[in-house]
Undergrad: 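The structure follows.
Only a predicted model underlies this, so the values are computations on that prediction, with no experimental measurement involved. Within every chain, numbering begins at 1; the chains are lettered A, B, ... in the order of the sequence lines, protein sequences first and strands thereafter.
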Amino acid sequence: MQDAITQLLDEVRARAGRLATRDDAEDFRIQYLARKGRIATLFEDMKALPPAERPVAGKLLNALRVEAEGIHAAAVASIGIAGAAHAAHLDLTLPGRAMPVGHQHIVTKTIDEIKTIFKAMGFSVATGPEIETDWYNFQALNFPPDHPARDMQDTFFIDDMRLLRTHTTPVQIRVMEQRTPPIRIIMPGRVFRNEVISARSHVQFHQVDGLFCDAHVTFADLKGTLVAFAKRYYGSALKYRFRPSFFPFTEPSAEMDITCYLCAGKGCRVCKQSGWLEILGCGMVDPNVFRAVGYDPDAVSGYAFGIGIERTAMLRHGVDDIRLLFENDLRVNRQFI
Amino acid sequence: MKLSLHWLKRYVDLPESPEELDRIVTGTGLEMEGIEDRKARFDGIVVGHVVTCEKHPKADKLSICTVDSGSGTATVICGAPNVAAGQKVPFATEGAWMHTLGFRIEKKAIRGIESSGMICSAKELGLNDDHSGIMVLPDHAQTGTPIAEHLGMTDVIFDIGITPNRGDALSHVGIARDLAAVLSRELRIPEPLSAATVTREHVRVTIKAPTLCPRYSAAIIRGITLGASPAWLKNAVESVGMRSINTVVDITNFVMMEIGQPMHAFDLSALAGPSITVRDARPGEGFVTLDGKSHVLPPSAVLICDDEKPVAIGGIMGGANSEIRAGTTDILLESAYFNPSSIRKTAKLLGVSTESSYRFERATDPERTMWALRRAIDLIIETSGGLCTGTADVYPHPDPARVIDLRLRTMDSLLGISIDRVRATEILRALGCTVIEGVDVLSCTAPTFRSDLEREVDLIEEVARIHGYDNIPTPARMEISTEEQYDDEAFLSELRSAALSLGMDEMVSSSLVQHAHAQLPGEHAVVSVLNPVSADRPSLRTSLLPSMLEAADRNIRVGVQSMRLFEIGSIFSAQPSELENPKHHEGFQFAFAITGLAQTREWFGESRPYDFFDLKGFVHSLLEKLRMETRVRFSSDAKNALSKYSWRLKQRAVPAVASWKFQDTC
Ligand SMILES: [Zn+2]
């Protein structure tokens, strides 16, 4: 009996590697595993053994059946999937098993895109705290106390010393305090303005500020760098202009506009009929800012710029309500790939 | 600020086209926020001549007219009772858009007779409410002339945004000066006739607060007749969005909009005499302004008083007790210079912002008070009669002249372009500087109306601005940097990429949250802002999880059943002891939540909900991606902190929510 079992086990194992088709597997099943198959027959034969020998034979037979079943199951599985190519009756239109896909948020994605361009131009990335002091957020950046310039940035106060930063520009003060020129950095981060929430404005948004200071940095360098950035980001065919503006921490100050890409400069709702879109503010670092960090304004010059992320992202993706960006409706978020 | 093209043209010759003006204005750094071409409202409407006028055969009240529009005649059916042959009328030709009526003039049959055009009433032109009949023009009106031209309604109104450093630009002369400089044209400032001043009586002005009010000029005009303003004055003040009130108020507004000097007229009969004292407000002192509101004055306030009582809050608003009114014949006119930062402080504390305070806090010209006073005297006498019987001008400590040296080489090296001495001098002179030319240096005296010009760099900006930023080169090649590069956010970026690659969706939520969402059990004290926009979101988040659960909840409600969310953001907590420094802690947190089905029911298998082991597996995969050899221990401590939010998700439990702080690693 035991010999018969061992012999059959060898035979089953020998066939394991040769079950290439569905028919092979079915033949294997009928021959060994069916109710009248050869393993079942051996179980029948076992009943004729003396009772003392039955447990040993039973154990061996069970092991044989389990192994044969395993061989059959593995063969069926591999024929069903890997054999699909030559199995004409497999339905290839059935849906596949999808892998989950992660979607980056449009705000961090836009920051990453801008970072990539400036990093390629040699800029480092610096960050700073969102809770700031009046000194870093205002005074060191040449906003005197009781000056109307402070009205440009409505501020959330925590107490008389601390506030939520209204721009990422204070990071440039922190970096200049720690390092010596040349400094070439961009400063991404979240900023806060005490404004009524509407489609156009929110109490929080993001900025990427930039700073380059060294000996002999010029306004022409500023223009060259920002035009290079804009061409990479918006396309090399763009038309641009720099127009004078005012920021307390730069002098001269400018804003950079590009031709509205929605109407090609003809005037539309998005560009308020002007044909131009404002993309960033910039200027030459004010000497008072250099004095605040202990640099000699006669020995160092520099430029600074700031890009509003939400505005950039909304223009690019045709979103007209900033509130949508912070609602995290996945039906919306998953559209921006 | 609204500006009128007609008004600007008093001081400088300007191009006609609004587009060209837009380009020039924008180029000087003034932000064009809107252009309203007044004549555009009258496009297609001309002076018409009614050649014939007969009754309509089928309608008593209608007339059939033949109207000559200068470029041909048209048949028009007119319903007005006063239409007659021979009249000159405003005639809307075919194709004209009627703004007041909201339709386009088209050919149409009225009772069987074709009509092409419309004879307009004053109301249909939007001039006034008269709709009793058509508007009849004087006979000398030239047939075919555009009606806007005939009516003198050809103004263009600009809405210009003015940055806080440019107090000098808050007037027509101020803007005209910039435009004249850009266009290299002459700036014409009218010279008031000093002859209007006949000094007969003594006006006593005493300044007891010379820091808050460095200069005070005043005049007495007696025997005026207050009345409605003449058309030129009414049109001027209304064109810039102000209401025409009476001759004297309109003139003070006109002079303010002309030169930027706010003025105030007191009813002399309400004062104790021709005498003004300027003093600090006393602690707790109250005052009722002319809008009827009572104020408790802060110490920064300066009061204008007669011999008995305060009559105005200096630089902000006059008092109800001395306002001019119908029947006023004698006035005291004020033209003063107030300290900008004290006006700003006072206006803020009082919660008041007026045209006056807006200008004073941006610095007016201390040297212009007398010019403005004389200009106003001229115009008041011209429009209201009367005689100036006395003036006073007190300016105890005149500001010293600001002399600034501009080194040409410094300018070139900051701008990256060489601007020659002649050009720089021309620009600075056009802006009002007195310039003495040296070899390498221009020695400039800044004009008194430009308090923002204090340093060399301020002059460099002026030269660059007027010369034109477009004329500064944009190098096509730049040197590259060889400094070492660093990235403070490198770890966070890597973390974000890892989470995205594992199929997580990124979310970005608000830092300011409801207090209850910040005050989590077992967490630190909360940092809140003093002045929240909405009272229900005053606190800085101490964890990203409440917002994440809110977002999950919102998504479930709109039908997104399954999600894998993560967020990277800053969280804040107050230090338990107020004495500690820093008083708060700020750090980054990474949070994630998974809910719904890990697998939906498909042909290849049954559905399976996410469970704790998906979360655990995610954590391990994330750490593997980040190559972090950290041992992670999972415990159920977080459960308590979150149980209070779980109700938000209705019946659906979120089986897997977690956050951890990376402060120590990043
Ligand atoms: Zn457009």
Undergrad: Check whether B:I35 gets within reach of chain A through its side chain, its backbone, both or neither, counting any heavy atom under 4.5 Å.
TA: neither
Undergrad: Taking the cut-offs as 6.0 angstrom to the six-membered ring centre and 45 degrees off its axis, would you call A:R190 and B:F588 a cation-pi pair?
TA: no
Undergrad: So, taking the atom named OG in A:S245 and the one named CD in B:E461, what distance separates them when rounded to the nearest 0.5 Å?
TA: 9.0 Å
Undergrad: Contact part of A:V285 toward chain B, heavy-atom cut-off under 4.5 Å: side chain, backbone, both or neither?
TA: neither
Undergrad: Which atoms of A:S253 are under 4.5 Å from chain B, going by heavy atoms: the side chain, the backbone, both sets, or neither?
TA: both
Undergrad: Donor-acceptor pair, B:E506 side chain versus A:H105 backbone, under 3.5 Å?
TA: yes
Undergrad: Using a distance-only test with no angle check, is there a side-chain donor-acceptor pair under 3.5 angstrom linking B:Q485 and A:S124?
TA: no
Undergrad: Is B:E483 salt-bridged to A:R184, cutoff N-O under 4.0 Å?
TA: yes
Undergrad: I want to check something: taking the side chain as every heavy atom from C-beta on, are A:I131 and B:L540 in contact at a cut-off of under 4.5 Å?
TA: yes
Undergrad: What distance separates A:R241 CZ from B:R23 CZ, expressed to the nearest 0.5 Å?
TA: 10.0 Å
Undergrad: Return the CG to CZ distance between B:L414 and A:F219, rounded to the nearest 0.5 Å.
TA: 9.0 Å
Undergrad: Do A:F326 and B:M507 have side chains that get closer than 4.5 Å, going by heavy atoms?
TA: no
Undergrad: Rounded to the nearest 0.5 Å, how far does CD1 of A:I158 lie from CG of B:L530?
TA: 8.0 Å
Undergrad: Is the closest side-chain heavy-atom distance between B:D412 and A:T218 below 4.5 Å?
TA: no
Undergrad: Would you say A:F242 and B:I472 make side-chain contact, with heavy atoms under 4.5 Å?
TA: no
Undergrad: In terms of side-chain geometry, is the basic nitrogen of A:K115 or B:E489 positioned less than 4.0 Å from the acidic oxygen of its partner?
TA: yes
Undergrad: Once you round to the nearest 0.5 Å, how far does CG of B:N531 lie from CG of A:L163?
TA: 10.0 Å
Undergrad: Give a yes or no on whether a salt bridge exists between A:D329 and B:R557, defined as a side-chain N under 4.0 angstrom from a carboxylate O.
TA: no
Undergrad: Going by an N to O cut-off under 4.0 Å, is there a salt bridge joining A:K119 and B:D487?
TA: yes
Undergrad: Please look at A:D298 and chain B and tell me whether the side chain, the backbone, both or neither of the residue comes under 4.5 angstrom of a heavy atom of that chain.
TA: side chain
Undergrad: So, taking the atom named CZ in A:R179 and the one named OH in B:Y486, what distance separates them when rounded to the nearest 0.5 Å?
TA: 4.0 Å
Undergrad: Only one of B:T28, B:D470, B:T26 clears side chain to side chain contact (heavy atoms under 4.5 Å, CB included) with A:R243; which?
TA: B:T26
Undergrad: Donor-acceptor check, side chain of B:R554 to backbone of A:E327, threshold 3.5 angstrom: yes or no?
TA: yes
